Protein chains: 2
Amino acid sequence: MEADEAVETIQREMTAFARRARASAGRMHPELSLVSYTLLGHLEESGGCRATDLAAHYALDKSTVSRQVAALERARLIERRVDPEDHRVQVLHLTGTGRRILAQVTESRRTAFRERLAHWPAEDLERFAAYLVRYNAWPPEGYGDDDQETDQEQEADQEQEADQ
Amino acid sequence: MEADEAVETIQREMTAFARRARASAGRMHPELSLVSYTLLGHLEESGGCRATDLAAHYALDKSTVSRQVAALERARLIERRVDPEDHRVQVLHLTGTGRRILAQVTESRRTAFRERLAHWPAEDLERFAAYLVRYNAWPPEGYGDDDQETDQEQEADQEQEADQ
DNA sequence: CGGCTTGGTTGTATAGTACAACTTGAATGA
DNA sequence: TCATTCAAGTTGTACTATACAACCAAGCCG
């Protein structure tokens, strides 16, 4: 296999993956869509943040986040606390239930991934992981994304071509 | 890095990728959604097939495919030919326009991917590609998806449940 | 023939998303 | 101080992708 061909394959496989991802996500955890799951995860690791931060981080419109947040609040998975410093701001926090559900879904996702990767040699797992990190980390630097975040996401950028 | 941790990373990165994918849908090629692109691609490589085949192949409901096909036909990207053998069947074919648009979109996607992967050593590209294929090809045999693979396509299978 | 199966369409409902208009509260600057 | 402008969120509207269920129409089988 040669480099150009490898690029084709990567494109094709990432696209195939992207196309299927959401559909199957909903099937496994009807109670928590992929987006909700991600938002909850972000709240957990950030220890609470504003809706605007989520929007910037995930390159979503603030109205979209507003509605997602409203749904999560309705489901009692998160709660809002008005920032005493600035009454426009609502700091979002996980509730106990939210934390529990998040942990459950995380666990079941983990199981699925583990099963899927069970027969892979450790060396391959490590290399694959590293490649994915490298691929996703390609932020030809930010454009909408303030996101001070540490870990994994640079989001926005790659949105571009990720798929379609 | 150790195997378990690698699995975590793979899960996290694949999820991040999946989450963003659709969001970007339409930004690059408003004229051809991800699904439409995929369907067109399938028609090209299969040289024409039935709506039912597409549905089975991509684990989509037949009604979804029906509407997608209708849209593609309206856009003159594909055409239907009634199978003279069986009047229930409509064999779908790309039109010249369809072939052209598909080629354009493929090319622009290719460019984006190439840019993104430009600085990767060939060896890494090849390994990454191989890992993705392996990951996506995980059909621990069908369970919802009959997809009887009649003639031309095998590669399809993986549609199943890509992630999570 | 009559019933079952298969391919496809249509009605209906839902999720997720964007964009634009609007509200409310803060900050700024003359 | 007050008017302007900015920032955070919400709401109205619209559109896409999707599923499921009800349906129709054409073959097939016994």
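The chains referred to below are lettered A, B, ... by the order of the sequence lines, with proteins before strands, and numbering in each begins at 1. Source: prediction; values computed, not measured. Just so you know, these numbers use all the heavy atoms, side chains as well, and skip hydrogens, waters and symmetry mates.
Through chains of ILVMFWY side-chain contacts below 4.5 Å, B/Val91 is grouped with B/Val89.
C/dT14 atom C1' lies 13 Å from atom CD of A/Gln68, rounded to whole Å. Spacing between atom CZ of B/Arg74 and atom P of C/dT9 amounts to 11 Å, rounded to whole angstrom units. The interatomic distance linking B/Leu60 (CG) with D/dC20 (P) rounds to 11 Å, in whole Å. A straight line from CD of A/Glu85 to C1' of C/dA26 spans 12 Å, rounded to a whole angstrom. The interatomic distance linking B/Leu54 (CG) with D/dA17 (C1') rounds to 16 Å, in whole Å.
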Which nucleotides of nucleotides 6-11 of chain D have their base under 4.0 Å from a protein heavy atom (B), which only their sugar-phosphate (S), and which neither (-), written as one string 5' to 3'?
-BSBBB
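Ring geometry for A/Tyr58 versus A/His42: interplanar angle over 60°, hence perpendicular rather than tilted (30 to 60°). B/Tyr135 and A/Trp120 have perpendicular rings, their planes meeting at more than 60° on a 0 to 90° scale where under 30° would count as parallel.
At least one donor-acceptor pair under 3.5 Å links the side chain of B/Thr111 to the backbone N or O of B/Glu107. In this structure, B/Ser66 contributes its side chain and B/Lys62 its backbone to no donor-acceptor pair below 3.5 Å.
When the side chain to side chain donor-acceptor pair (under 3.5 Å) test is applied to B/Asp86, the partners found at least two apart in sequence or on another chain are B/Arg88.
For the pair B/His87 and D/dG27, the criterion of a side-chain N or O lying under 4.0 Å from OP1 or OP2 is met.
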